[in-house]
Every structure is written in C-alpha cells, then in structure tokens.
> 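Sending over a structure as structure tokens; questions will come in a sec.
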Number of protein chains: 2
Amino acid sequence: MTLEPKRNSNAGTWSHRASGHRNVDIARSEDPDIGIPATCRICEARQGVVCGALAAAQLRELSRHSTRRKVDAGREIVAQGEEVTSYSNIMDGVVKLCKVMPDGRQQIVGLQFAPDFIGRPFVPESTLSAEAATPAEICVFPRGLLDRMIADTPELRHNLHAQALKELDAARDWMLTLGRRTAQEKVASLLYLIATHAEPETTSSTAFDLPLSRAEIADFLGLTIETVSRQMTKLRKQGVIRIENNRHIVVPDMDELERLVSA
Amino acid sequence: MTLEPKRNSNAGTWSHRASGHRNVDIARSEDPDIGIPATCRICEARQGVVCGALAAAQLRELSRHSTRRKVDAGREIVAQGEEVTSYSNIMDGVVKLCKVMPDGRQQIVGLQFAPDFIGRPFVPESTLSAEAATPAEICVFPRGLLDRMIADTPELRHNLHAQALKELDAARDWMLTLGRRTAQEKVASLLYLIATHAEPETTSSTAFDLPLSRAEIADFLGLTIETVSRQMTKLRKQGVIRIENNRHIVVPDMDELERLVSA
DNA sequence: ATTCCGATTTGATTCAGATCAAAATTCCTT
DNA sequence: AAGGAATTTTGATCTGAATCAAATCGGAAT
C-alpha cells in the first residue's frame, strides 16, 4: 500500500500476507481455485484489493480482458489531467504518484507497491500522474468492465473504500512529515517507510534497495537533491545506515532509525 | 460563531445544491418529507453525506439516538489515538483535523465545514484529533448504530467512499503546497481555500472571516506565526487583500489571489 | 473609558536548507 | 575494458524562513 511507516503491525491486513484467512487453509474439501484462470493462480495480486474480492466467474472475465504489461522505470502509466479509461494492478515494482506544477516543481504524493490497485473510481480524470519508479509489471483492464464489477460486488466496493481510507491516513501522515519535520527526520522517515515495506519481518537489522533516485527522494520529501545527499551521508557517518552502490541500503539497527523519525 | 456572513452563504449553497435532485421537485404527489423528524427537516446536514442517504425510517431512528451539541472554539471533538465510539455531522462551524508529535510540533491535516461528516468507519481508533476551529454545532450519534446503517445502506456507503476520495485528493493537493510552495504561495493557497469554501459564488471580489488564528494557519501551512503574519502584511501592502480586525479578510480580486498560488 | 491579557505585528539576528559550482562515482554503451 | 553521460557527492555561498525579542493591537472584564 501507500506510505505510512509502522506498517508492520497491520500490514497483514492488506497485501499477499493477507491471504492467510482465505487461501492458506488447506483443510478445505474443494479446491477454492477451481475455475480460476491459470495466470491468476500465480498472480501477485490474486489476493489484492481487486482480485481478492472477485468470484471465479468475474476473475475469468476480467482476466479475459486484461493485459499484463511491463513498464520501464520512469515510464508514465497515467498522466495528470488525462481521462482515465483503464485501471491496473501492480504485479511487481514500485509506482510513484506525482503532482507537478506548471513551472515544473513537483511533489510525489504517494508510493504504491505490488499488489496495489491503481485507479480512481467515480472520477473521470486523474488529478495526478502515476509513473513506474522501478521497472514494473502491471495488469491493465478496461475501466468500464471493472466499474461494472464494482457495481455488482459489495466486497470489492468495501475493499476499495478501505484502501482509500488507508491512503488517506498515509497522505496525512506524510503531511506531518512535509510540514513539520527537519531534513534529517524526513530522510529517516523515507528510509523507514521503504524499509518497512521492503522487508516486512523487521528484525533489528534490515537491508533493501531504494526504489527511488536521489532526485525522486527529494521530490517526495520536499527537499533538494543536495540536501538529501548530505543527510544520507550524515546518517552514514553516524552509523545509522550503510550505503552500497548508491541504491542498496543496510540498516544495522532499525530502532535507531525509528528513533530519528521522532515518532 | 465568528463567521456569521460566511456561514450563511455557505449554508445556502450546500442545501440547495444538494436538495435539487431530491427535494425541490414539487410536482411529486406525496411530500417526500413525510415521516422525517422535525429537527431533521431544518437541519444543515439533512442533505449531507450521511443523512442525505438515509430513508425516513432510518432518519427517525438516527435522530432518536442523536444529540445536538455546541462545541466551543478550541474544544476537542475526537482525540488522537482515542477509541472512537461516536460519529458526528458538523451542523455549523469549522473543524480542524490535527496530528501532533510527542514533542508538541503539530500539523493541521484537514479542515471540515458544515455539513461534513466526522468519523472513520472500519478503524477502531482515530489517528488524528478533531477540534472545533470556530464555535461549532455538531450532531453526535453512536458509532454502532451508524455502522449498522452503513451495512444496510448502499447509498450511504457510496457517499462515504466518495467523501474519502475527495478528502484524499484534498490531502494530496495540500502535500504539494507543503512540500513545494513558498511561504507567500502557502498563505495565498490558504486564503484561496477559505475564500472558495466561504463564498462559493466566486465573483471577482470576496470577503470572509478567517476560521483560524495565525497560530493555526501556521500549523496548517508548516510555517511559524511570524512568517504567516509577515506574508499577510506583504499581501496587504501589495493590495491583494485587505485585513479588517485581524480576522476579516477582503479580497478585491480573486484572480489576482489565484495567480499568487501558482496553480 | 481603563486595564489587562492574549494575539498579532514588527524588528534584529541566526540558521537550515537552497543555490551555485565542481569533483567523484556509477553505470551504460560500445 | 574504456569512454562518456548521468547520477551523486562535496564544497562555498546565499537566502528564506526560523528564532529571539519587543512593541502594538484588540477584545473582554471591570
């Protein structure tokens, strides 16, 4: 899902880790995957917000009209202000949601990870752009079809509603970061956010690859590239993180990092 | 309420807009208000997100268990981290949604106006506090009851979902303001936001009362009181606004103000 | 009216982060 | 493996907003 640190405690509710209460229970007499398309069975997003709420027949129809697509890093999936004619699921990779101003200043307003859903029911055009931050794989389906399924499927509506509320919380958490935290705290917040998404079993030590360049991190934190770089260096010199090849980060002690976020 | 003039116009807009498709059509043979509690008929929030979706019988039951309450400016309605046992509708006034850090730094993450709904379905406790910014009047009802109505009423679910998405958009717009705009642009953004909520018929000239103190404006914009004050003075000297009694603002030319927001 | 107290403005100074300008690294292509 | 472009780091300087410190204003109580 989107932002908010601390994800660990309730991460389970959402992503594939959520599949527990639905699929993992093998003691069932009939295979729950009967009639489910083969592509879906192995799909990252099978238990996601959208597909996790669909019946076998719906899944079959949706999959008939879906196309899996690879998206290069930096490639746009939905453009700001554009009319939206399709939705997608993220199968793999990280997608950033951006807002840009006419003069070019831009702000990343959310990050989405597999198996998140990208789309905005009820509104014809997108108020932001969605762009692959890493090489990504998405499953695209026509808007009208899913809108119809939304209309027919209470559980799907519920899931989308819950996702919207979760994103709202994440956005508001990030508002606090943008408005009231120092550069140091901002960078620590971002690292903490990524760490908790990349490596959900937060043992005391963690390692992960940054899905964002320094420029993108700056756009997420409302800082400049130089400030981000300096703060990363500072964290490195303080021993809070190790940096390998610019993108790979090791956090020897997550508690230390969390402390720097100041809640 | 500090905001008399604003309140009136605001009230007007919402009700006739909302009632248009439901109530105003007189050519109906039976009175659509039959069976609707008297308090509801004259209620600000009658056509709001919640009550606008309820049938007469539901409205009757809800109103039986609701209490109208006056809340002084600055008084808390919901506390951050507290378990939520009731929801409310704002009948009058402005409510601010805040997040505070352990060390006292705080950020306003949203403003709600009558007849908005305050509450957070699906989640037991609130991640933010809601506090009256102006003297306010709210209609409080027990959580369990509304949760049941939510379960029973598709239109209500839809309205709440749509409101969540609207708030999400607003939050993301504000993220751009917090992260990428200058102090001048931030203050202009806030004035523009209030102006467009207070005086929806945006003719070229507008006047309104600020529902927030300088300190609250600072907490909304991620600035200090002094910076807010200086920027207001600057806007005044530039002739973009006139300030009367600190709280009352006149904007001679809304286009000029909008220009300063830089989109 | 007068007094008082909190809110707001104004002024002087400081400082975190921006900007400008190279150097150093990484990584991509050949 | 070498070359070259892009990304990142580092350094020097500047500046917008924060901080510190008074004045002034405005509104409530007397």
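Throughout, protein chains are lettered first and strands after them, A, B, ... in sequence-line order, and every chain is numbered starting at 1. What you see is a predicted model; the values in this text were computed from it and never measured.
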> Given that A/A215 and B/Q184 both sit by DNA chain D, which one's nearest nucleotide is further toward the 5' end?
A/A215

> Going 5' to 3' on DNA chain D, which nucleotide is the first and which the last to come under 4.0 Å of a heavy atom in chain A?
D/dT8 to D/dA12

> Need to verify one output field. Residue with the more 5' nearest nucleotide on DNA chain C, B/T227 or B/R180?
B/T227

> Would you give the length of the straight line joining atom CG of A/L260 to atom CG of A/D255, rounded to the nearest 0.5 angstrom?
11.0 Å

> So does A/D219 pair up with A/K96, basic N to acidic O under 4.0 Å?
no

> What pairs with A/T67 under side chain to side chain contact (heavy atoms under 4.5 Å, CB included), at least two apart in sequence or on another chain?
A/V140

> What residues in residues 230-250 of chain A put a non-hydrogen atom under 4.0 Å from any atom of DNA chain C?
A/R230, A/N245, A/N246

> Using side chain to side chain contact (heavy atoms under 4.5 Å, CB included) as the criterion, list what pairs up with A/R75, not counting sequence neighbours.
A/V71, A/D72

> For A/Q112 and A/L97, work out which heavy atoms get closest and say how close.
OE1-CD1, 3.2 Å

> Taking the inter-plane angle between the rings of B/F141 and B/F117 on a 0 to 90° scale, is it parallel (under 30°), tilted (30 to 60°) or perpendicular (over 60°)?
parallel

> With a 4.0 angstrom cut-off to heavy atoms of chain A, pull out the first and last contacting nucleotide of DNA chain C, in 5'-to-3' order.
C/dG17 to C/dC27

> Would you say the side chain of B/S262 lies within less than 4.5 Å of the side chain of A/M101, judging by non-hydrogen atoms?
yes

> Who passes salt bridge (charged side-chain N to carboxylate O under 4.0 Å, His left out) against B/E256, sequence neighbours left out?
B/R259

> Could you tell me which non-hydrogen atom of A/Q184 sits nearest to which non-hydrogen atom of A/Q231, and how far apart they are?
NE2-OE1, 3.3 Å

> Are A/R172 and B/E167 close enough for a salt bridge, meaning some N to O gap below 4.0 Å?
yes

> Need to verify one output field. Residue with the more 5' nearest nucleotide on DNA chain C, A/E226 or A/T182?
A/T182

